[in-house]
Amino acid sequence: MNSIYLDYAAATPMAPEVREAMTPYFSEHFYNPSATNLAAKAVKKDIEAARQQVAGWLGARPAEIVFTAGGTEANNLAINGVMQQFPGKKMLMSAIEHESVIAPANQYESEEVPVLPDGTLDIKVLDKLIDDDTVLISVMYANNEMGTIQPIKEAAKLIADARSKRQKSGNKLPIYLHTDACQAAAYLDLHTSRLGVDMMTINAGKIYGPKQVGALYVKTGTKLKSQILGGGQERNQRSGTENVAGIIGFAAALDLVQNRRHEEAKRLQELRDLFFHGLTREMVINGSLSRRLPNNVHITIPGQDNERLIMSLDELGIICAAGSACSASKEEASHVLKAIGKTEDEAYSSLRFTLGRQTTKNDIQKTVQILSQLV
Ligand SMILES: Cc1ncc(COP(=O)(O)O)c(C=O)c1O
């Protein structure tokens with residue numbers, strides 16, 4: 001890479017170890033894992049080993065892992081799956097969720113829970129909004145634009161309280177907590193019972209693995225309507241011949257990031273802080289500094305047009321983003337920035353730099369220097 005790539009929240013380059021783990025499954029181990037021949041059974045066994053690896057990091061049982069074609073599908077499965085199982089019931093979500101949560105949620109009775117100006121969920125409002133008909137709450141683990149880490153454990157506690165109240169009052173409706181951990185998986189603890197979640201979305205494309213593969217953790221007992229029907233793979237929860245190479249690569253990628261997460265977080269946080277120190281007075285950092293992913297720099301530069309800045313930076317060899325990759329091509333201002341009280345003008349003057357494995361101190365020094373020259 002000749003350019004300085006600072007858009008790791010959009011995509012991560014595949015780790016060589018991941019590619020190596022995947023390669024045999026494109027050729028010599030090409031068999032359909034559902035076939036009954038011995039070679040196919042061996043492939044099936046490898047998928048189950050990968051499932052166990054993923055489950056291990058999530059503190060889950062292997063049977064609680066449903067492999068999907070990425071984060072979007074896992075989020076759709078969680079939301080459509082629960083809401084179609086309990087028609088007429090309600091869901092709550094944070095106001096800063098990814099589009100792959102918001103869009104399915106908008107098909108049902110759903111309400112957004114506001115965030116505080118620092119970009120973290122307003123837990124008091126969440127508490128007030130949970131009522132007898134709430135069946136699902138979706139709060140992302142870390143936001144894809146500002147990198148703010150959400151109070152999942154606190155939300156889980158509220159839900160546990162709601163559950164015990166329902167038990168006493170005889171309300172049989174379950175209440176589930178789902179978290180989209182796509183941006184968090186490289187840096188945070190994913191242990192689902194420590195977090196207190198019933199469902200968790202992760203994907204490989206953000207953790208130096210392949211795109212179009214991910215998983216939904218579904219806690220045993222969670223009632224979910226299957227969305228992709230067919231041959232009954234993934235314990236009937238997601239039919240279709242398994243993306244074998246993808247699943248193997250996903251497990252290898254998760255192993256790599258989780259094994260290195262503490263040292264990598266420390267390294268990136270130092271680089272991130274170096275970036276922050278290099279900002280000029282007029283640049284405003286968005287989102288909490290303390291509850292934030294170690295690799296995220298999100299700033300507003302008043303009076304600047306972010307699209308133009310991104311293009312100029314790109315021409316000078318620096319790749320960054322306006323917001324999420326998915327909203328980059330949309331005309332609308334970021335709903336995440338609106339949720340923290342930014343005006344449209346401020347939203348259009350905001351930039352996201354996300355650091356990763358290949359980022360060096362020199363990259364950051366150069367970026368800061370070029371950015372201050374440009375504005
Ligand atoms: C927080 C979050 N959720 C979900 C997704 C969607 O994942 P995928 O691209 O694997 O469908 C992304 C990726 O942009 C994301 O950042």
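As the structure lists them, so they are numbered: ligands from 1, and atoms in each ligand from 1.
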I need the atoms of ligand 1 closer than 4.0 Å to a non-hydrogen atom of Gly70, numbered in the order shown.
10 (O)
Is a side-chain N or O of Asp273 found less than 3.5 angstrom from the main chain of Phe276, in a donor-acceptor match?
no
Where ligand 1 meets Ser100 - atom numbers and elements under 4.0 angstrom, heavy-atom basis:
4 (C)
Please check this pair: side chain of Lys206 against backbone of Ala9, looking for a donor-acceptor N/O pair closer than 3.5 Å.
yes
Can you list the ligand 1 atoms lying under 4.0 Å from a non-hydrogen atom of Asn203?
7 (O), 8 (P), 10 (O)
Tell me whether Gly71 has any N or O atom under 3.5 angstrom from an N or O of ligand 1.
yes
Numbered atoms and elements of ligand 1 in range of Thr72, under 4.0 angstrom, heavy atoms:
6 (C), 7 (O), 8 (P), 11 (O)
Nearest non-hydrogen contact to atom 14 (O) of ligand 1 from the set Glu99, Lys206, Gln183 belongs to Lys206
Please list, chain by chain and in numerical order, all residues satisfying side-chain hydrogen bond (donor to acceptor under 3.5 Å, both in side chains) with Asn306, sequence neighbours excluded.
none
Is the shortest N/O to N/O distance between Asn144 and ligand 1 below 3.5 Å?
no
Report the part of Asn75 in contact with ligand 1, treating N, CA, C, O as backbone and CB onward as side chain, heavy atoms under 4.0 Å; options are side chain, backbone, both, neither.
side chain
Any side-chain to backbone donor/acceptor pair from Ser3 onto Tyr5? Under 3.5 Å, distance only.
no
Using a strict threshold of under 4.0 Å (side-chain N to carboxylate O), is an ion pair present between Glu64 and Arg61?
yes
Can you tell me which residue pairs pass the ring-ring contact (aromatic ring centres under 6.0 Å, His included) test with a partner in residues 16-70, sequence neighbours excluded?
Tyr25-His29
